[in-house]
Amino acid sequence: MIIKQRLRANAVERMDLVQQTRILSLDLVTRPCHTGFLPLGLVGNVEGCDVILVDDMIDTAGTLTKAASELTARGAKRVYAFATHGLFNGPAVSRISNSELEQ
């Protein structure tokens with residue numbers, strides 16, 4: 001658990017460093033358990049920006065599509081998503097099709 005917390009802290013530090021370059025606007029979505037979507041913790045401003053969400057796994061796409069919706073509500077121009085493992089179980093395909101995500 002301590003290792004995971006340290007890795008997470010390093011990721012946030014790297015995101016802050018990149019944000020300071022003004023090249024990208026980065027976002028951090030955290031969901032420590034599978035009981036539901038927790039609010040976004042934003043690093044930077046997404047207004048008028050293209051946003052890329054990177055996830056390790058898309059199962060039912062609930063968290064992913066809610067994050068895309070929240071980012072659009074906060075002014076993101078377009079939202080894209082990439083994932084290492086696309087399982088696409090249950091309502092995943094319909095959620096993605098009806099979401100704010102770009103093709």
Side-chain angles (χ1 to χ4, degrees):
M1 187 60 114
I2 293 171
I3 294 171
K4 282 186 178 181
Q5 289 174 345
R6 183 66 190 144
L7 289 174
R8 201 172 277 158
N10 285 338
V12 170
E13 289 168 8
R14 285 190 304 270
M15 288 172 46
D16 284 337
L17 180 63
V18 172
Q19 175 61 28
Q20 290 171 11
T21 65
R22 300 257 182 227
I23 296 170
L24 300 171
S25 182
L26 299 172
D27 306 294
L28 175 64
V29 178
T30 58
R31 190 186 65 151
C33 60
H34 294 287
T35 59
F37 178 75
L38 297 178
L40 288 175
L42 291 176
V43 176
N45 180 9
V46 297
E47 190 171 341
C49 295
D50 292 333
V51 177
I52 299 172
L53 294 172
V54 180
D55 201 350
D56 61 339
M57 179 178 65
I58 300 172
D59 186 4
T60 61
T63 302
L64 178 70
T65 55
K66 288 177 184 175
S69 231
E70 182 67 23
L71 288 166
T72 302
R74 293 181 185 222
K77 185 168 57 172
R78 292 180 291 192
V79 181
Y80 299 91
F82 294 91
T84 306
H85 306 287
L87 303 178
F88 306 112
N89 289 316
V93 173
S94 65
R95 283 179 176 167
I96 292 170
S97 296
N98 297 317
S99 75
E100 302 288 336
L101 291 167
E102 293 287 323
Q103 291 186 341

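Just so it is clear, the values below take in all heavy atoms, side chains as well, and ignore hydrogens, waters and symmetry mates. For this chain, numbers begin at 1 and follow the sequence in order.
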Report the distance from atom [atom1] of [X] to atom [atom2] of [Y], rounding to the nearest 0.5 Å.
X	Y	atom1	atom2	value
T72	L101	OG1	CG	8.0 Å
D59	L87	CG	CG	5.5 Å
F82	I58	CZ	CD1	10.5 Å

Partners of D55 by side chain to side chain donor-acceptor pair (under 3.5 Å), sequence neighbours excluded?
none
Chi angles and distances behind the salt bridge (Lys or Arg N to Asp or Glu O under 4.0 Å) call for K66, E70:
CA-CA 6 Å; K66 288 177 184 175; E70 182 67 23; over 6 Å; no
Please give me the minimum heavy-atom distance between D56 and T84, naming the atom from each residue.
O-CB, 3.4 Å
Quick one: which residue pairs count as a side-chain hydrogen bond (donor to acceptor under 3.5 Å, both in side chains) with a foot in residues 91-102, not counting sequence neighbours?
T60-R95
